[in-house]
Amino acid sequence: MADKPIRGNALIAAIAFVTAYAGARLLLKMESPPAARVLIALLPLPFFAAWLWMTMKSIATLDELERRIHLEAAAISLSLSMLLFMTLGLLQIAIKLSLDDWSYRHTWIYLPLFYFAGLAIARRRYA
Amino acid sequence: MKNRLRVLRAERNWSQADLADHLNVSRQTVNSIETEKYDPSLPLAFRIARLFEKSIEEIFDTGE
């Protein structure tokens with residue numbers, strides 16, 4: 001079973017990352033020199049790294065079934081992500097995809113959504 | 001895999017949460033083993049056997 005302090009720290013890190021990401025998106029709407037814009041764009045990275053590290057620590061404290069559920073969620077997420085990007089790649093060849101709708105900043109959010117979907121599917125299997 | 005975990009637990013008047021605490025696993029794990037949706041790892045199977053003072057074969061049945 002995951003320790004509550006570790007899970008709590010992972011949640012705080014997640015909130016910090018989301019805040020940093022939202023802040024970066026807001027700051028990038030303003031005019032600024034290219035070097036500053038690159039730094040702003042990279043601002044969420046250390047927060048994401050911290051959240052990822054704490055999440056890995058949290059998973060390491062889980063019991064065997066909970067770890068298997070996360071593994072299956074990762075497998076489902078990876079498969080769906082590959083399907084998404086393969087499909088977008090082919091569509092990009094077939095038609096003109098609008099970058100206002102299908103650029104990296106729009107598609108990355110699907111990866112964690114696929115992971116949460118995978119968690120729900122895997123949990124149902126063992127419930 | 002068929003098992004007698006629920007019966008053995010009931011003999012001691014333990015809830016699934018009680019058994020989970022004894023085995024240091026989550027209640028979900030105990031429930032999944034009892035409902036035969038999950039087969040425990042070998043170390044966990046040995047812990048279960050030691051807890052109930054029985055052999056693994058007396059608790060789990062592969063059905064072969």
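All values below were derived from every heavy atom in this structure, side-chain atoms included, with hydrogens, water molecules and symmetry-related copies excluded. Labels below follow one simple rule: chain letters A, B, ... track the order of the sequence lines, proteins then strands, and each chain is numbered from 1.
Heavy-atom distances place the backbone of A:Arg125, and not its side chain, under 4.5 Å from chain B. Looking at B:Pro40, the atoms closer than 4.5 Å to chain A (heavy atoms on both sides) sit in the backbone and in the side chain alike.
Taking every heavy atom of both residues into account, B:Gln28 and A:Leu65 meet most closely at O-CD2, 3.9 Å.
The neighbour count for A:Trp108 CH2, taken as heavy atoms of other residues, nucleotides or ligands under 6.0 Å away, is above 12. Annotation: B:Phe46, atom CZ; neighbour count of heavy atoms from other residues, nucleotides and ligands within 6.0 Å does not exceed 12. Crowding of A:Met82 atom CE: a count of heavy atoms from other residues, nucleotides or ligands under 6.0 Å not exceeding 12. Within a 6.0 Å sphere centred on OH of A:Tyr115, other residues, nucleotides and ligands contribute more than 12 heavy atoms.
Atom CD of A:Glu66 sits about 10.0 Å away from atom OG of B:Ser32, to the nearest 0.5 Å.
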